[in-house]
Amino acid sequence: MESLKDLSIYNSLTGEKARFEPLHAGKVGMYVCGPTLYSEPHMGNMRTFINFDLIYRYLLKLGYNVKYVRNITDAGHITNSAGEAVDSIGKAARLEQVQSLEIVYKYNVKFQELNRIYNLLPPSIEPTATGHIQEQIEIIEQIIKNGFAYAVNGSVYFDVRAYSEKFEYGILSGRKVDELAEETRDLNAQDEKRFFADFALWKKANPEDMQIWRSPWGDGNPGWHIECTAMSTKYLGSEFDIHGGGMDLKFPHHEDEIAQNCGSLGCNPARIWMHANMLNVNGQKMSKSLGNYFLPKEIVEGTTDVFEKAYAPEVIRFCMMQAHYRSTLDFTSDSLNAAEKGFTRLQDAVSKLDHLPTTNENTTPEVSALIPSFYQSMNDDFNAPKLIANLFEAAKMIFAIEDGKAFISKNDLDELRKEMHSFLFDVLGIRMEKAAGASDEALNAAMDLVLEMRKTARENKDWGTSDKIRDRLTEAGIIVKDGKDGASWTVK
RNA sequence: GGUCUCGUGGCCGAGCGGCUAGGCACCGGUCUGCAAAACCGUCUACUCCGGUUCGAAUCCGGACGAGACCUCCA
């Protein structure tokens with residue numbers, strides 16, 4: 001059984017899959033870059049968070065005691081390479097004529113609501129950048145003390161050249177310091193920096209900034225990358241197991257985090273770096289200008305023009321789980337509809353688990369192989385699509401058992417039910433509640449009566465009445481289906 | 001321009017050197033008063049050109065194509 005817990009993880013740092021060995025037996029420290037709350041997270045953001053939720057859930061499933069830290073960026077990102085002040089949060093706040101704290105709070109409430117809708121487990125801690133200004137200042141002081149940063153006119157920059165004499169800048173993204181100059185498109189940003197690749201740790205305040213803090217270098221605000229270094233260190237220590245985020249954060253954000261950690265504490269913060277891939281919509285990266293941009297809530301409510309109909313959050317999550325976290329995923333009406341259909345099939349099979357015939361004979365070998373396959377798939381770098389294929393195999397076997405073409409013992413059935421539920425609900429995080437309609441008792445009672453009358457009509461071969469009831473109900477939005485065990489209905 | 005991914009059947013997507021996932025659609029069948037649904041079965045792909053190998057979708061080289069990052073971005 002122990003081999004069932006032999007997890008391998010792909011490490012972006014090495015470009016290889018390796019057996020996972022936690023730094024401290026039985027415990028995992030994981031840090032994931034969370035949302036920047038100057039707007040509502042879009043569907044692409046959600047995919048990353050959902051993927052790390054899956055990873056968190058599987059680590060828990062394997063019995064690890066996981067400390068999962070996902071930060072909230074609520075301090076403005078300060079500079080771009082051109083050296084212009086870009087205080088995203090302040091900008092959005094002024095636009096909407098409110099205080100920055102107010103806008104961050106507003107979007108945080110929305111973000112937490114999305115977490116519930118999409119069934120994400122709450123992380124162990126969700127620390128905010130603004131709540132850790134002091135820690136950030138202390139890290140910056142340490143980096144200066146170690147000789148890897150310098151202060152200029154109230155700002156502090158990381159000294160990439162000094163750093164690269166002792167450490168390797170670019171180990172994560174495969175960049176070479178000497179080559180960085182050639183690949184930078186904009187070379188106008190020299191201004192205060194000694195070297196074009198240097199990046200801000202602390203930026204002097206502009207008069208129009210909405211968020212300003214005091215520091216040893218004067219009033220200002222922290223650089224974009226330093227908050228993660230400060231918070232990961234505070235909650236997980238100088239070195240921990242897993243650091244994750246979206247692919248687009250690999251450079252410069254994560255590269256600079258490594259530099260800051262090495263520059264202050266002498267080591268790479270994480271043993272394993274994991275990067276989740278992007279979500280495409282209709283073959284292209286989600287973008288407002290392409291018209292394929294939508295919010296996680298809009299697709300659930302059917303209020304986006306990108307798709308013709310609404311999709312349940314479980315269906316969206318299921319669709320996402322059918323692609324590996326390291327692959328790009330394309331959302332189209334076809335892929336979503338396919339996921340919806342498949343999800344229903346799996347749902348049917350799972351519900352049959354509760355009243356499946358068992359035998360005293362041996363369980364069919366194909367059925368016995370099911371549970372180990374679930375673990376093997378997930379142990380292979382969290383291969384959820386493969387797990388789902390295994391679950392469909394299980395569905396097929398469940399139908400076969402029902403038809404008497406395969407067999408399962410009582411004990412094995414109990415075990416299969418337990419593990420299928422666990423992988424579906426706990427690991428994939430997919431809810432399988434009964435479809436809507438069941439909540440309205442009056443409607444249920446009325447439908448029971450109508451279907452009973454129709455049943456009588458059918459027994460009398462009164463097809464006219466029978467079909468009239470079905471057609472009128474269809475018009476009213478209620479679909480009636482005649483099965484072997486009588487008629488069933490769903491609201492559509 | 002630089003760095004790096006990737007190119008799988010009608011569509012979405014696993015695969016990491018031999019045993020050729022899975023879902024959806026299509027088609028065929030079972031069931032059914034009809035319809036729908038459901039279940040069963042079928043369909044055998046790997047951008048192109050070289051190379052390595054007994055054997056390649058899978059490794060190497062090249063071409064073409066797509067995308068990401070280099071600038072706020074999950």
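As a basis for the values below, the full set of heavy atoms in this structure was taken, side chains included, without hydrogen atoms, waters or symmetry mates. This structure is a prediction, so every number in the text was calculated from the model and none was measured. Below, read A as the first sequence line, B as the second, and so on, with proteins coming before strands; counting in each chain starts at 1.
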query: Looking at Lys341(A), does any N or O in its side chain come under 4.0 Å of the phosphate oxygens OP1/OP2 on G23(B)?
result: no
task: Could you tell me whether Asp198(A) and Arg194(A) have a side-chain N and a carboxylate O separated by less than 4.0 Å?
output: no
- request: Rounded off to whole Å, could you give me the CG-to-P distance for the Leu249(A) and C72(B) pair?
  value: 12 Å
query: Hey, is Trp463(A) stacking on G33(B)? Ring centres under 5.5 Å, planes under 30°.
result: yes
- prompt: With a non-hydrogen cut-off below 4.0 angstrom, is Ser466(A) in contact with a base, only sugar-phosphate, or nothing?
  reply: base
- prompt: For Asn383(A) and G15(B), is the shortest distance between a side-chain N/O and OP1 or OP2 below 4.0 Å?
  reply: yes
Close N or O pairs between protein and nucleotides 7-10 of chain B (under 3.5 Å):
none

field: Phosphate-side-chain proximity, Ser327(A) and A14(B), N/O vs OP1/OP2 below 4.0 Å
entry: yes
message: Under 4.0 Å between a side-chain nitrogen and a carboxylate oxygen: does that hold for Asp467(A) and Arg470(A)?
response: yes
Minimum side-chain heavy-atom gap Asn379(A)-Ser377(A) below 4.5 Å: no
- prompt: Taking only side-chain nitrogens and oxygens of Arg326(A), does any of them come within less than 4.0 Å of OP1 or OP2 of U5(B)?
  reply: no
- request: State yes or no: are the ring centers of Tyr118(A) and Phe49(A) separated by less than 6.0 Å?
  value: no
message: Under 4.0 Å, counting only non-hydrogen atoms across every strand here, what does Lys352(A) touch: a base, just sugar-phosphate, or nothing?
response: nothing
- prompt: Which nucleotide, A21(B), G23(B), C39(B), lies nearest any side-chain atom of Asp403(A)?
  reply: C39(B)
